Amino acid sequence: MNKTMIPYGRQEITQADIDAVVAVLESDFLTQGPQVPRFEQAVAAHVGAKHALAVSSATSALHIACLALGLGKGDWLWTSPITFVASANCGLYCGAQVDFVDIDPRTYNLCPEALADKLEKAGKEGRLPKIVVAVHLCGQPCDMQAISALSQHYGFHLIEDASHAIGGKYQDEFIGNGRYSDITVFSFHPVKIITTAEGGMAVTNNDELAHKMALLRSHGVTRDPAQMTHEADGPWYYQQIELGFNYRMTELQAALGLSQLERLNQYVARRHELAARYDQLLAGLPLITPWQHKDSYSGLHLYVIRLQLGKLGVSHREVFELLRKQDIGVNLHYIPVHMQPYYQQMGFAKGDFPEAEGYYAEAISLPMFPNMTLDQQEKVVASIERALQS
Ligand SMILES: *Cc1c(COP(=O)(O)O)cnc(C)c1O
């Protein structure tokens, strides 16, 4: 990407962030020290969850969340086709099969009515999902109350993929408080709302799930005598009681995360200001701006417009290319997962999820990040106006 390109997302790193990371570099612990538990406690307190497990990415958080919930061979995991591939891949990592539920045409999130229909059919065929991953696309929470009611009725577990949504609220409560789900997952990739470079977190109110995820994140190894099968051989002793991974977060990452977390509310508020300004500046153009449900206070990781192609003389691809040519770093979130070659080879085909495919044909993510200037925003809007007129 060239220097003048306005990116679709960008981290903000302050002197306080840098000082926090340097202090860790000069300390005794680069990993497995005091910063990770501090970061975990701070996130848990912020979102209102009992436990938080910091890990190397949201992808690893999704993996250990699925394992902790017992997902394995012969099981099904369902999610939305409009998400990053990681929300589906976590099912495949566990040897389970993956299926999708079409999206709601207004929120672009997994549609509760489509879910209810699919569950009814699956119930009759004896292939109900063990886990549904509800992805809060762009930071806007899914209709968790409806999805949770279905989970009670059909007996599946619920994971919230809140990679876009830390700092957002559902029904006036922070996403991650676990009112409607078993586990919620956050991502701290640099384009997301706060960053640790790479990094993620799984939060839960369930002691047993927290305990399992803690083991799985670090090789399945414990030093806690209470968890061992027999008395310790000596002070050096540890036991491997599960097959786990090295999914740990470093102290450097946790220190950066702690420092960033202090600005979380400010960042989300700033994103709301920028989104409101986009709403205003784009009004009247042949495109659809993001619709927000009344129960939702979105994290607003993304600002996605949909082109009204019937009113335009240019194609979706042409508009996208014209914007990139004007140094507007637009993007597209996401290519429907079922249209990826890896998933097509499992039998998914074009036409399987029409709402998701309709969205893909029209969506464009506009640049939005906390330190975006008003000039940059006006340049984006002027470029869109030019692109739509050509
Ligand atoms: C970014 C993202 C992930 C993966 O996050 P990483 O921290 O990069 O592993 C998963 N799901 C969604 C919806 C994402 O946007």
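Hydrogens, waters and symmetry mates are skipped; everything else that's a heavy atom, side chains included, is used. Ligands are counted one by one from 1 in listed order, and the atoms in each one are counted from 1 as well. Bear in mind the structure is a predicted one, so any value in this text is a computation, not a measurement.
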Kindly confirm or rule out an N or O of [X] lying under 3.5 angstrom from an N or O of ligand 1.
X: H164; value: yes
X: E198; value: no
X: F84; value: no

- [ ] Could you pull out the closest heavy-atom pair between M249 and G199, with the gap in Å?
- [x] CE-CA, 4.0 Å

Task: Contact summary for A356 and P336, nearest pair of heavy atoms - done: O-CG, 4.0 Å

When you measure from [atom] to every protein heavy atom, which one gives the shortest distance, and what is it?
atom: atom 10 (C) of ligand 1; result: S163 OG, 3.4 Å
atom: atom 11 (N) of ligand 1; result: D161 OD2, 2.7 Å
atom: atom 14 (C) of ligand 1; result: K192 NZ, 3.1 Å

- [ ] Take the angle between the ring planes of Y343 and F348 and call it parallel below 30°, perpendicular above 60°, tilted in between.
- [x] tilted

Task: H333 and Y8 aromatic ring geometry - parallel, tilted or perpendicular at 30°/60° bounds - done: tilted

TODO: Show the numbers, then the answer: is there a side-chain contact (heavy atoms from CB on, under 4.5 Å) between H338 and E357?
DONE: CA-CA 10 Å; H338 73 280; E357 291 168 35; 2.7 Å; yes

Open item on the list: Heavy-atom distances under 4.0 Å decide this one: backbone, side chain, both or neither, for A58 against ligand 1?
Closed with: both

Measure the distances from the heavy atoms of [X] to every atom of ligand 1 and state whether one is below 4.0 angstrom.
X: G200; result: no
X: Y334; result: yes
X: A61; result: no

- [ ] Flag the pair D207 and K212 as a salt bridge only when some basic side-chain nitrogen lies within less than 4.0 angstrom of an acidic carboxylate oxygen.
- [x] no

- [ ] Give a yes/no verdict on a cation-pi contact between K130 and F156, requiring under 6.0 Å between NZ or CZ and the six-membered ring centre and an angle within 45° of the axis.
- [x] no

- [ ] Take Y247 and H63, measure what ring pair (Phe, Tyr, Trp, His ring centres under 6.0 Å) needs, and give me the verdict at the end.
- [x] CA-CA 10 Å; Y247 281 169; H63 185 190; 5.7 Å; yes

Subset of ligand 1 atoms that lie under 4.0 Å from at least one heavy atom of [X]:
X: S87; result: 11 (N)
X: G199; result: 7 (O)
X: T83; result: 13 (C)

